[in-house]
Structure formats: structure tokens, C-alpha cells
Protein chains: 2
Amino acid sequence: MPDATDADGLTVGQVSARLGVTVRALHHWDGIGLARPSLRTAAGYRLYTAGDLERLHRVVVYRELGLGLDGIRAVLDDSTADVPGALRAQRARVAERIDRLRQLSAGLDRMIDAHEHGLLLTIEQQVAVFGPQWNPDWPAQARQRYGDTTQWLQYAERSASRGPEEWQAVADAVAGLDRALGEAMDAGVTPGSPEANRLVERHREVFASYFPLTRRMQVCLGRMYEADPAFAAHYDGIRSGLATWFRRLVDASARAHGIDPDTATWR
Amino acid sequence: MPDATDADGLTVGQVSARLGVTVRALHHWDGIGLARPSLRTAAGYRLYTAGDLERLHRVVVYRELGLGLDGIRAVLDDSTADVPGALRAQRARVAERIDRLRQLSAGLDRMIDAHEHGLLLTIEQQVAVFGPQWNPDWPAQARQRYGDTTQWLQYAERSASRGPEEWQAVADAVAGLDRALGEAMDAGVTPGSPEANRLVERHREVFASYFPLTRRMQVCLGRMYEADPAFAAHYDGIRSGLATWFRRLVDASARAHGIDPDTATWR
DNA sequence: GCTTGACCCTCACGCCGCGTGAGGCTGGAG
DNA sequence: CTCCAGCCTCACGCGGCGTGAGGGTCAAGC
């Protein structure tokens, strides 16, 4: 007789191989009294009888159904236990977890999209929100340029939880600011004036819906508006010379907050 | 100024209320260095600045996506981190977990069905497997009678993982045994003979596919075959008097194994 | 100035189901 | 007699905090 079938007990290793559970699990179930071997050899080896194997098998079955060890113990030991009830409760828990995971997966999809495309709107929605002069390639271009900055990450994180209405609000705020800038320039607002500083603050707040903008970063942004052809075209399109004028507003405001605009850096 | 907005920091309680995380979580994140407050009061109170809040907010966002704290740390701290890659990996993990949970749910359904109906086959399958004299109400009746016994539980557990083919095998074994019993009775096999004991053992083995049957239980079963009208009808339908003859076979075999059939109990 | 009650602090254990060693016997084969 | 696989018993670790214990702090009301 090589090892097993008609012996009066199987060792942990043999049971492990038969039932596909680890030896450690058998030790554990023995330790907590869930399924203990009826016998031990003189040397202390655990010996599982046929009856023990029955019980172990049942443990394995219910464990595969995701029941906790206490639940399994109840099912096996308490003859008054409502087994179908316990199973249904377990099924409800599982359904709940599936639901949560699905929502989670959807959230991940949104976030991945936001990271990769910058916007989660269809082309139609983009045009509807941002107006006809909107170029759908801009988010992709922005990602090209800024995709490896912390600010892009924050932008993407916020984009992921922004629907069309919220984007509309952002777009409205930007448009309102553009208009206000144009009118202020018409009205001859000069850098450093209270009116000018209010506009600079308003710009910072509007921008904060993309990512938090420090005053130093705002200085750099002002210079970019002036230097970058695309930005300059936009602002000079509102009023000729507006980009430069706005940069001077930002510089003045920064100086008023103790920042030297000529040495300010993005970080 | 009541509490917060322009103070130079928020306490744990305030942050907790704003971000919807527990105070303990803030402590934990501080403890592991994931998100620590920049300031402390003289008394040691944590004070979270606006910048700290930014970071906390990002932690919350990624935590809601199911990232582990180490993953979040990587995303927040390592500017070279592949954020979309991490998110995609997380999505894959989530999909995997959903899959497992779905299988688990299906298993639970099967088990619940098995517990409630006793069989997981359609009526057509039942008739195909068990023959035209099969009554589809039998499993429900069996549940009525035995639904609160350990053996019913084990029967249900095994049924849950048995398909039509396996049921066919069981049905074939049962039919084969019935035939063999009839032929043995014709041949004048007497209780206690080796031939008779072989048949009794074969009955025990066939029955073991439903649930483990001890010799004592088999004795009780033999008596039930004789006493219960439905069982008696079945066995006496094979050969007149077969139920009683078989009961005597079982009794004799039990005696040969040191069991007194007149005092044997199910348990 | 003293009390009260809401907040805050720092340990430190608990959870769930084992995985993973460490350190040391046992048992059958060569 | 030696080897090596297999067994034993501790005991820590994991993930992300929950939940006290035991004790300071702060603003308000008396």
C-alpha cells in the first residue's frame, strides 16, 4: 500500500493535494477549530479521516462561494442555520460589490480618458460649449505640451468629474473675463490700479477651475500669453495689444504682492 | 471670522468634514507620510494649508478609484509616473475582480437553487435522465421531508456541481443496481451471503453520490424502503417483496459489521 | 477663575485569512 | 547512518484604517 486510500488518515500534505488547499489553510482551520483532524500520530502529525475529509470538502465548497469562515462554521455546525438565507445574503453582498466595482471601473475609464484626451465631451458638445471658433485638436495639443506636468494631472483629475454643464460654467467664466478685459482696456485701466488688480485676481480664480494657479505661475502665464503665437492671437483678437497690456497688469499685481515678475518661475 | 476660509490652516475635524474622510484616515496618511500637514500649532494640532488640501483632494480622488496608498503616492510624488498606465492596470485588476465575483454569484445561484429545488435540471432534462416514470415533484417533496437535515445540505452541495451528464451517470448506477437486485432476488440470493453483502456495499456506494451513507444510516434506509409507501411501491415494483428482502440483506450485512439493526439510529 | 464639552493628541491592538519564514522533529529511502 | 521531503509550532506581516484608552487643549458659559 503506497500511501493513502485505506489508511486510517491522510496527512496535511495529502489532503492539501486532494482538496487543492494549502497546508497552511488546513493548519489555520484546525487552529480556529473550523475543521480539525480526528487523529494525530504519536509524533503529532495531523491525520484526517474520511469523515474529516467530508467536512473539509464542505468547507472548501462554501469557501469557494465566498462565505467567511464564521459563516461556514455556522452553516456546518448549526443545524438550525438558514443556509439558503445565508447564501442569498452572500449573493446580495456580492452583487453590491460588483456594483461598486463597476462604478469604480467607469470612474477609471473617465479618468483615463481625461488623462489622454483632456476633455470628456464629444466634438459636438465641445463646439456647443466653447463656441464655433473652438478647435477640437486643442486638448490633444495641450496634452502634447503639458502632459508630463503636475498641473496637467490636476487638470485631468478635475476634468474627469466635470460634465457639460460644468464645462459650460467654466467657458462662461472665461468668456466673461475676456469681455471684461476688453472693456477695461477700452476704459483705460492702468497696471497697478485697483481695477486692474481685481481683474488679475479674477483671472486667477477663473483659472483655478483648471488647476491651482499661484501668483508666480500667473506671471509666467502672462508672459506666455504675450509670447506664444496662439495665445497672443486669441488675446490680441479681443483687442489689439491686449496680451501685452494684460501682462503688465499681472506684473504690477505680482510686484504688489512682493514678487519680482522678472525672476518669477513657474514652480 | 467663524472658523476657516482665511485661517492659515484647517484642523483635522474641519478637513474631515470638507473632504468626507475620517479623522483617522488623515492621521493615517500623515503617519505613513502620504499627506502631511505643513503646520502644527504649539499644542501639536495638525493644521492643513490650502496646498495641503490640494494634495489631500488628489489623494481622495485616486483613493475613490481604488488605488492603493502606495499607488497614490507614486502618482502624486513621482513626476515620471505613468499615471494612465497605473489607471489602466487598476482597471484590469478591477475587471478581473468583477469577473471572479460574477462567477461567484453564479455559483451562489446554483447552490441556492440546489438547496431549494433539489435539482438543477429542467423538467425535460429530468425526464430525459430519470426516465418517463419520473415525477418532477419528487425533489420538492424530498426537500419538504429532509430539507433541514445535514444530509440534505450535502446532497444540495453536490447537486450544485453536477450537470446532466453526471446526473445521467448517477441515474444509470441506480438503474443498474435496481436491475441487479431484481436478478439477485430471482436467483434466490439469501441475506448474509457474500453475494448479498456485495449488493449491500454496492448500494452504499451508489448512494454515496447523494451524501455519505454510514452502515447505520443504511439500516434505517432499508427499513424506510419497506415502510414508506412510495419507496415500497418502487422496490416492490421491481419484484414483489423486494423491499422486505433487501431490508433483510442490509440487516444481515450490518450485523456482520457489528451493528445491531434493531437499535441502529440514523445518526 | 473654574468647569464643561467638543476637539485634538499619541499609542496600540484588532480585523480576515492566511503567506511566509524560522527553527526544529520525523520517517522512509539509499 | 545520512538525507531529504515532509511535518510540527510559533509568530510576524499584510491593507487601511476602526476603535478604544488615556490624556491634553480651547472657546464658552458660570
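Since the structure is predicted, the reported quantities are computational estimates derived from the model, not experimental observations. In the text below, chain A, chain B and the rest are named by the order of the sequence lines, each starting its count at 1. Excluded from the calculations below are hydrogen atoms, water molecules and symmetry mates; all remaining heavy atoms, backbone and side chain alike, are included.
- In this structure, of dG19(C), dG17(C), dC17(D), it is dC17(D) that holds the atom nearest to the side chain of Ala25(B).
- Looking at residues 53-72 of chain A, you'll see Arg63(A), Gly68(A), Leu69(A) sit with a heavy atom under 4.0 Å from some atom of DNA chain C.
- In the helix from dG1(C)-dC30(D) to dG30(C)-dC1(D), the end axes, each obtained as the rotation axis mapping the C1' atoms of four pairs onto the next four within a five-pair block, lie 30° apart to the nearest 10 degrees.
- Heavy-atom minimum distance, Leu26(B) versus Ser16(B): CD1-N, 3.9 Å.
- When the shell of 6.0 Å around CZ of Arg255(A) is examined, it contains more than 12 heavy atoms from other residues, nucleotides or ligands.
- Between Arg88(A) and Asp109(B), no side-chain nitrogen of the basic residue sits less than 4.0 Å from a carboxylate oxygen of the acidic one, so the salt-bridge criterion is not met.
- In the displayed structure, His57(B) atom NE2 is contacted under 6.0 Å by at most 12 heavy atoms of other residues, nucleotides or ligands.
- Ring pair Phe207(B)/His203(B) is tilted by interplanar angle, where 30° to 60° counts as tilted.
- With respect to Glu205(A) and Arg202(A), no salt bridge is recorded, no charged nitrogen being found less than 4.0 Å from a carboxylate O.
- Ion pairing between Glu201(A) and Arg204(A) holds under the 4.0 Å rule for side-chain N and carboxylate O.
- If you check every strand for non-hydrogen atoms under 4.0 Å, Thr41(B) touches nothing.
- Rounded to a whole Å, the CG atom of Leu34(B) is 9 Å from the P atom of dC17(D).
- Within a 6.0 Å sphere centred on CZ of Arg97(B), heavy atoms belonging to other residues, nucleotides or ligands number 12 at most.
- By the neighbour-count criterion of 12 heavy atoms within 6.0 Å, atom CZ of Arg55(A) is densely surrounded, having more than that number from other residues, nucleotides or ligands.
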Reading nucleotides 4-14 of chain D from 5' to 3' and marking B where a protein heavy atom lies under 4.0 Å of the base, S where only the sugar-phosphate is that close, and - otherwise, the string is --BSSB-B---
Checklist entry - Which is it for Arg93(A) and Gln90(A) under the side chain to side chain donor-acceptor pair (under 3.5 Å) test, yes or no, and what are the steps along the way? => result CA-CA 5 Å; Arg93(A) 278 193 294 272; Gln90(A) 173 66 4; 2.8 Å; yes
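- Contact annotation: Trp29(B) side-chain N/O to dG16(D) OP1/OP2 distance is not under 4.0 Å.
- Residues Gly31(B) and Arg36(B) approach most closely at O-NH2, 4.5 Å, considering heavy atoms.
- Arg73(A) has its CZ atom 13 Å from the C1' atom of dG17(C), to the nearest Å.
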